[in-house]
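Below: one structure, written as structure tokens.
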Amino acid sequence: MSFTASSSRVLRSRAIPLVAASTLSISIYAVYNYSFPLRADSETPPAPSASSTSALIKRQNAILAASPGPHTPIAWGTNRYLTLSSDQSTTVLKKPTPLSRLGSTPYRDIVLAEQYGACVDANGDLWMWGAGYDPSGEMGKSLKGKLIALSSSGKLYAVSASKAFQDQKIYKEEMSWWSWLFGSSPGVDFIELKPESSLKRGERWKSVAVGTHHLLAATTKGRTFSLPLTPAANSHRQLGTNEEFSTSFPVPSSPQALSKVSELPPESDIRFATRLKEIHLLKGINVAQVAASDRTSFMRTSNGKVLGFGANEAGQIGLGTGGTIEIIQVPVEIVLAKNYPSGTSVECIDVVAAGQSTFFTVRRATPGSSTLIDLLSCGNGMSGSLGNGLWSSAGFAPVKVKTVSGLQEYSEKTKSFVPVEIHSISAAPSSAAHVFAVLDTVAQADKDGLQKGLYGRDVMVWGGNGDYQLGNGKRSSLAVPQHLLPIIPRLLSGTAAVTAESGLSSGTLSPMPHSRLQLHDGKANAYDPEGKLLKRNVKYEETVVAGWNASVLYNKIKL
């Protein structure tokens, strides 16, 4: 699957389909860290006195100016399957804690699935850990260099999430090709996922998304395809076809190999299905992005329209109160303009689907008024994931997440108010979904202030919090987006207060806190998890990702 901001960010239990340049990535840096390192949950930092605040800020600024660098990926939430720590006695991280085994270095991407974690370093090598990958929870290199090849060729590959399958190396055809092309073995068994009929000349995969049982893909020509990942792949017609799925899969050639994987379901084999079928109902429609949630599929067209089909029991397709049918068997347009007065121009610019919740980022314009950016949500909001202040089991009509919608800031360049863009949305795939919205609050900032770390992208969070996945140190869920306290020491520089404020903004009418989590850009050398230098002076942006009842904040390499 893809790990782009515009695609599904969830690694599933069956396999990891990997695509083009913006896929999962990360690398490790084991040489230096901040002079003010993050403390583990068991440590309690002393609160600075008022008299020492000014000196502390000046000292931090001097240190950061002399030796700027990336921070170690920071995570919080459930550790039930050793996705955050290999310590089996630690079932949850209540507060943001460094993932020390990843080191202080930028990565291309990090994903926290339910039973395993995965990252990609600057070379495109895939590293995995967690009980779903290896019962010990230890990290291992899963795939060598695959993402770099995908970046240049636009091909789509799959590798099993289980180390038991990865280590078989039963099938030699792809490995022989890889070794001939790159002079080394990829390290594990993998397969290239191809369409039933060859792609057209110059056509390649552009957008990929993975649901619980199915995969969706769109090409640079706007064509859309689907692939079953389990026998339940078309249970709610999420493949875009009317046929039930059945298939056979290869049996390991040796008794020893068979014994190692006999306890795993057949769909855990990456050859369960390898040929994508074009969705004929969408022929002639130019699709720019695909998105997939649990058992639901979405397509965003090149002209800003959205189509949806599949499971709709919680209203996750967003057809309105009249669209309460539990299964939508064919692609249907989601008319987002219904949420606005007549005459309003509405264009969808991003779709994020996870679990039973869906989020639409739209650009709206009314004649005679400014263009604004809104976030609309629909589906299951029992965990507060819809962000509308309500706790509802079903939301059939998309509603505006008011706290992050319609925001404006003054531009000195244009001498007018301009919309605050939504930089990214990350939603967890779990039933008690939580959501991060990152606002592009640096678009109008001066370059000097950005370089000094005075300005950053604001982060808002809401939704389920049963495993402390929101990062606020509490366990109560939030139905309204709220700021987080600073997590990275560097974010306390400048004019921000070092001490925590008594309360943080949780609504549009509340004052914005001065001391809040903001994300910044930077440059640093990139390493792998074992401390090997891979690349120098790579550009990165701090990124926060909502995983399965857990979250991670890391430095994402900008491609």
Side-chain angles (χ1 to χ4, degrees), residues 1-2 7-8 10 12-15 17 19 156 158 191-200 203-249 265-267 269-302 305-314 316-319 323 325-334 351 353-356 358 379 429:
M1 63 176 277
S2 171
S7 303
S8 177
V10 183
R12 299 296 183 181
S13 59
R14 173 257 186 183
V19 289
L156 180 60
I191 187 72
E192 180 180 355
L193 304 178
K194 300 179 180 180
E196 284 189 327
S197 299
S198 299
L199 296 178
K200 299 176 182 178
E203 187 177 21
R204 59 183 178 82
W205 302 117
K206 176 184 177 181
S207 175
V208 178
V210 175
T212 302
H213 307 286
H214 72 299
L215 177 148
L216 302 172
T219 73
T220 51
K221 300 291 185 181
R223 294 197 295 158
T224 51
F225 295 76
S226 61
L227 177 76
L229 300 181
T230 78
N234 209 25
S235 60
H236 292 69
R237 298 300 181 261
Q238 61 266 44
L239 289 179
T241 66
N242 290 323
E243 59 192 37
E244 296 294 341
F245 175 72
S246 62
T247 189
S248 59
F249 57 95
E267 59 265 27
D269 193 306
I270 56 176
R271 289 164 181 79
F272 176 77
T274 62
R275 298 290 178 177
L276 289 83
K277 288 186 177 182
E278 185 172 4
I279 302 177
H280 293 289
L281 293 172
L282 295 174
K283 277 194 172 182
I285 298 177
N286 192 333
V287 172
Q289 177 198 355
V290 293
S293 55
D294 187 7
R295 292 155 292 119
T296 312
S297 301
F298 298 90
M299 280 78 189
R300 178 176 63 84
T301 67
S302 57
K305 306 296 183 182
V306 184
L307 305 172
F309 51 94
N312 189 48
E313 69 271 32
Q316 58 264 50
I317 294 183
L319 298 178
I325 302 173
E326 291 192 358
I327 298 178
I328 306 300
Q329 300 196 25
V330 297
V332 176
E333 182 180 353
I334 304 163
V351 180
Q356 292 182 323
T358 312

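Note that the structure is predicted; figures quoted are calculated from it, not measured.
A 4.5 Å side-chain heavy-atom check between L193 and L227 finds at least one atom pair inside the cut-off. Between K283 and E278, some side-chain heavy-atom pair lies under the 4.5 Å cut-off. Looking only at side-chain heavy atoms (C-beta outward), K305 and R300 stay at 4.5 Å or farther from each other. Considering only heavy atoms from C-beta on, I328 comes within 4.5 Å of L319 through its side chain. In this structure, L216 and V208 have side chains that are not in contact, with every pair of non-hydrogen atoms separated by 4.5 Å or more. A 4.5 Å side-chain heavy-atom check between S297 and H214 finds at least one atom pair inside the cut-off. Residues V332 and I317 have side chains not in contact (no heavy-atom distance under 4.5 Å, counting atoms from C-beta outward).
Applying the ring pair (Phe, Tyr, Trp, His ring centres under 6.0 Å) test to F225 and every residue at least two apart in sequence or in another chain returns W205. Here I327 pairs with H236, Q329 under the side chain to side chain contact (heavy atoms under 4.5 Å, CB included) rule; sequence neighbours left out. Residues meeting the side-chain hydrogen bond (donor to acceptor under 3.5 Å, both in side chains) test with T296, sequence neighbours left out: none. For T224, the side chain to side chain contact (heavy atoms under 4.5 Å, CB included) test picks out A218, I279, L282, V287, V290, M299, with sequence neighbours left out. E203 meets the side chain to side chain contact (heavy atoms under 4.5 Å, CB included) test with L199, K200, T219, T220, K221, R223; sequence neighbours excluded. With sequence neighbours left out, the side chain to side chain contact (heavy atoms under 4.5 Å, CB included) criterion links E326 to E313.
Closest non-hydrogen pair, A288 versus S207, comes out as O-CB, 4.0 Å. The two atoms that bring G308 and I334 nearest to each other are N-CD1, 4.0 Å, heavy atoms only. The minimum heavy-atom distance between A209 and A291, with the atom names listed, is CB-CA, 3.7 Å. When all heavy atoms of S293 and G355 are compared, the pair lying nearest together is CB-O, 3.2 Å.
Interatomic distance, CD of Q356 versus CG of N312, reported as 10.0 Å (0.5 Å rounding). In this structure, CG in L281 is found 8.5 Å from OG1 in T241, a value given to the nearest 0.5 Å. Expressed to the nearest 0.5 Å, how far CD of Q238 lies from CZ of F309 amounts to 9.0 Å.
Within the structure, no pair that satisfies the salt bridge (charged side-chain N to carboxylate O under 4.0 Å, His left out) test touches residues 208-217, not counting sequence neighbours.
A donor-acceptor pair shorter than 3.5 Å can be found between the side chains of T212 and D294.
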Practice problem: Begin with the C-alpha distance, continue with both residues' side-chain angles, and end with the deciding distance and a verdict on side chain to side chain contact (heavy atoms under 4.5 Å, CB included) for V351 and V306. | Solution: CA-CA 8 Å; V351 180; V306 184; 4.1 Å; yes
Self-check item: Stepwise side chain to side chain contact (heavy atoms under 4.5 Å, CB included) check, V210 with L215
Solution: CA-CA 4 Å; V210 175; L215 177 148; 3.9 Å; yes
